[in-house]
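Report on the following structure.
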There are 2 protein chains.
Amino acid sequence: MKKKVSIKDIAAQLNISITTVSLILNGKSKQVGLSEAQTERVLKYVEEIGYKPNMLAKSLRTGKTKIICLLIEDIADPFFSTVAAHVEELLNQHGYKIIYGSTKNQTAKAIELIDLFRDRHVDGFIICPPEGLESDITGLLNERIPLVLFDRYYKTIDTDTVIVDNLESACKAVNYLIEHNYKNIGFVTLDSEQTQMQDRLQGYEKAITDHGFTSYIKKLSFSKVNQTGIDDIVQFLTENPQIDALFFGTNYLTLKGIEALDRLELSIPGNMGVISFDDHDVFKLFKPGITAMAQPISQISEQMVNLLLEQIDSTEADRKRKKIIVPAIIRIRQSSVTKTDN
Amino acid sequence: MKKKVSIKDIAAQLNISITTVSLILNGKSKQVGLSEAQTERVLKYVEEIGYKPNMLAKSLRTGKTKIICLLIEDIADPFFSTVAAHVEELLNQHGYKIIYGSTKNQTAKAIELIDLFRDRHVDGFIICPPEGLESDITGLLNERIPLVLFDRYYKTIDTDTVIVDNLESACKAVNYLIEHNYKNIGFVTLDSEQTQMQDRLQGYEKAITDHGFTSYIKKLSFSKVNQTGIDDIVQFLTENPQIDALFFGTNYLTLKGIEALDRLELSIPGNMGVISFDDHDVFKLFKPGITAMAQPISQISEQMVNLLLEQIDSTEADRKRKKIIVPAIIRIRQSSVTKTDN
DNA sequence: TCTTGCTACGCAAACGATGTAGTAAATTAT
DNA sequence: ATAATTTACTACATCGTTTGCGTAGCAAGA
């Protein structure tokens, strides 16, 4: 109903210049020596009519939007949505808003989204990058747009990055199974070149070879997990009946695995030990609970936000880029890895 | 590295006026009678240098941002995150981006977010409103900002709304339990005045009184579900040992309930029938699977987007507001409601 | 020759803020 | 008394677009 009021209207109403109002509104009145009285008068009036500056105009002029873009795999995935919640919370505290996009791990979608948000002049990006985004990331870097990668990174590009110690954690997870007397441990992972999956694979292989065991690896295609994932795992287990424990590369693979075990009427942990990379809210609800290597989401989020703010605030032309590795945490849940027939 | 190029630079390069470039870029060249040759030349050059118009300037001038705000309870909740994914998808198809916020069902947070995004000049809102937002919603309405509510609404305000038939569906859910010979059916819900919960309560009560049964109702406080939810349900069941089936008002209450039953060593469905309002990805993974009244998320999302776009495109001053009610779907999963001792 | 009517474009004022450079008046220094 | 400094503001250009109005050039009709 009521017309939008601009800084100009305020100036007119109070019979002073636009500049004065702007200065006062931006807390520069002391700095430039505006009188107490004037300052108070303006502030009071502004408060009274509930004036809100037009952010678009402000952004156009200053080049800052106070918006950060968070690009994740899928906002419906509990890991990412929790990260989103944390990052939102943290950035809000610093006066930033976040706008997110789900890449579905598709290169094309990610490129599109980056372009979109860059066009919107976001002040920075936090990205969980799919494969093949090297040139776009380099583009952002060249334009000096603050940027943090997480969960995975590109070996060929020097970026600020936050990840977990995938290799060590995967190794630990497998060792945990080995300690519990499992001897034929399969690894269900994604058919992906991305660093996090590669590192987890290496961690698995290290643990297996350290103990002189045989490795059984099943790689699923990311895009087909939801359609054929269960069948693929069933087939994997049928072809390798000696497998007595499974290590899953991510939480949604674990969920598929549980369904597969169900179908094969294999019980956990009697017939099959299970451990998951990435925790999931519901793992504790299963009977038995599913043991998992959990990524410390709040820590990851904090580190990302810190790195990003550092970049935004940094004036140095060549700030050194940082790679932060946080340790994953094993969440042991009773009996998902206790072999009963032992 | 390379400087941002503006429409002015293009005009200078091609030795034509800014107006001409702008007109061509906005597809108005035919309309205002610009020559084919000129149009082609500009388009070609623009393509060549990869020029992207500054959205901030554009928005400032036109008053449109092509951004929609989606305000939900919690982006980490699977119902809402799935809605978010759908809405994002649909709106993208119409050239809109979405920016979301999680209200955590807190009035203050919601108000803050609405203000924030209104300041950002979003072109419209889709809101799942917490209690006590009446005046803010009315504010948006008065400013003629396109707006759709979902999941719940205010009886006192006439808004475009999309909800499920909570009363009927709740009634059906309880009847489903009754059909399976359960006789003492408890309802675990939230202590909330919101329409969706009130309607579900009424649906429960209708089913119960229709059959001349006794009602057992436990209302939990939303903010304390995560801390004391399980204990509260345990207590509820301990105080009412005759209860042989539970109907849960939302999916996260069901999850708490499952933990409570676990603690009490009550089996589903032998000791306790269970049915949930709102489905959850993991309900099918439990043994036995949990039967649920599912909200048809894609339908809901579609309706919301349609209503919103209708408002945005509408020129009539007084377009009639619509309330759309979509039916929930029962997803029967074997045996979560089959009483074995019968 | 002079209007009229096209065609094909350009000028300049917004949109709503910021920030640099300036100025008039009052005060202080010399 | 005059110059210098300080105080308290203000004018104006600018950010990158869109858009209403104008107009130059030319052909055709009167």
Side-chain angles (χ1 to χ4, degrees), chain A residues 2-43 45-46 49-67 118-123 143, chain B residues 2-43 45-46 49-67 118-123 143:
Chain A
K2 48 182 181 182
K3 262 260 302 286
K4 269 277 174 196
V5 16
S6 82
I7 200 171
K8 194 192 294 184
D9 304 320
I10 296 177
Q13 267 302 313
L14 298 180
N15 259 313
I16 53 179
S17 82
I18 294 180
T19 307
T20 304
V21 180
S22 173
L23 255 17
I24 290 175
L25 253 27
N26 289 34
K28 303 239 176 77
S29 54
K30 277 265 132 70
Q31 209 180 114
V32 300
L34 289 175
S35 71
E36 279 285 322
Q38 189 73 286
T39 304
E40 296 258 306
R41 190 166 76 110
V42 172
L43 253 24
Y45 182 71
V46 161
I49 63 169
Y51 161 80
K52 296 288 188 64
N54 182 324
M55 291 309 199
L56 293 172
K58 195 168 191 154
S59 295
L60 175 59
R61 188 63 237 258
T62 61
K64 305 274 146 215
T65 51
K66 286 286 177 180
I67 294 181
R118 193 198 358 220
D119 284 359
R120 247 78 191 184
H121 294 242
V122 299
D123 285 351
E143 291 187 46
Chain B
K2 48 184 181 181
K3 262 257 306 285
K4 268 280 175 193
V5 16
S6 82
I7 200 171
K8 194 191 295 182
D9 304 318
I10 296 178
Q13 267 302 312
L14 298 179
N15 259 312
I16 53 179
S17 82
I18 293 178
T19 307
T20 305
V21 180
S22 173
L23 255 20
I24 291 174
L25 253 26
N26 289 27
K28 302 240 176 78
S29 54
K30 278 262 133 70
Q31 210 180 114
V32 299
L34 289 176
S35 71
E36 279 284 323
Q38 189 73 284
T39 305
E40 296 258 307
R41 191 167 73 110
V42 171
L43 253 24
Y45 181 72
V46 160
I49 62 167
Y51 161 79
K52 297 288 189 62
N54 182 323
M55 291 309 202
L56 292 173
K58 195 169 191 152
S59 296
L60 174 59
R61 186 62 234 255
T62 62
K64 304 275 145 211
T65 52
K66 287 284 179 182
I67 294 181
R118 195 202 353 224
D119 284 359
R120 246 80 191 184
H121 294 239
V122 298
D123 285 351
E143 290 187 49

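Order of the sequence lines fixes the chain letters, A, B, ..., with proteins taken first and strands second; residue numbering starts at 1 for each chain. Since the structure is predicted, the reported quantities are computational estimates derived from the model, not experimental observations.
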Per [X] side chain, nearest of listed nucleotides [options]:
| X | options | answer |
| --- | --- | --- |
| A/Ser17 | D/dT10, D/dT17, D/dT19 | D/dT10 |
| B/Lys58 | D/dG16, D/dT17, C/dA17 | D/dT17 |
| A/Ser35 | C/dC9, D/dA8, C/dA17 | D/dA8 |
| B/Leu60 | D/dT10, C/dG16, D/dC15 | C/dG16 |
| A/Ser6 | C/dA17, D/dC9, D/dA11 | C/dA17 |
| B/Asn54 | D/dG16, C/dA17, D/dT19 | D/dG16 |
| B/Ile16 | D/dC9, C/dG10, D/dC15 | C/dG10 |
| B/Leu34 | C/dA8, D/dT19, D/dG16 | C/dA8 |

How far apart are the C-alpha atoms of B/Thr20 and B/Ser17, what are their side-chain angles, what is the distance that settles it, and do they pass the side-chain hydrogen bond (donor to acceptor under 3.5 Å, both in side chains) test? CA-CA 5 Å; B/Thr20 305; B/Ser17 82; 3.1 Å; yes

Do the side-chain N or O atoms of [X] get closer than 4.0 angstrom to the phosphate oxygens (OP1, OP2) of [N]?
| X | N | value |
| --- | --- | --- |
| B/Gln38 | C/dC9 | yes |
| A/Thr19 | D/dT10 | no |
| B/Tyr51 | D/dT17 | yes |
| B/Ser22 | D/dT17 | no |
| A/Lys28 | C/dG19 | yes |
| A/Lys8 | C/dC15 | yes |

In whole angstroms, how far is the [atom2] atom of [N] from the [atom1] atom of [X]?
| X | N | atom1 | atom2 | value |
| --- | --- | --- | --- | --- |
| A/Ile7 | C/dG19 | CD1 | P | 11 Å |
| B/Ile18 | C/dA13 | CD1 | C1' | 13 Å |
| A/Ile24 | D/dT10 | CD1 | C1' | 13 Å |
| B/Lys52 | D/dC15 | NZ | C1' | 20 Å |
| A/Leu23 | D/dA8 | CG | C1' | 11 Å |

Shortest non-hydrogen contact between B/Ile16 and B/Arg41, atoms and distance: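 Nearest pair, atom of B/Ile16 first, then B/Arg41: CG2-NH2, 3.6 Å.
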
Among A/Val42, A/Thr39, A/Leu34, find the residue that satisfies the side-chain contact (heavy atoms from CB on, under 4.5 Å) test when tested with A/Leu23. A/Leu34

Check whether any side-chain heavy atom of B/Arg120 lies under 4.5 Å from a side-chain heavy atom of A/Ile67, and answer yes or no.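 SC-SC contact between B/Arg120 and A/Ile67 confirmed.
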
Comparing B/Ala57 and B/Val21 on DNA chain C - which has the more 5′ nearest nucleotide: B/Val21

Check whether any side-chain N or O of B/Asp123 sits under 3.5 Å from a backbone N or O of B/Lys64 as a donor-acceptor pair, and report yes or no. no

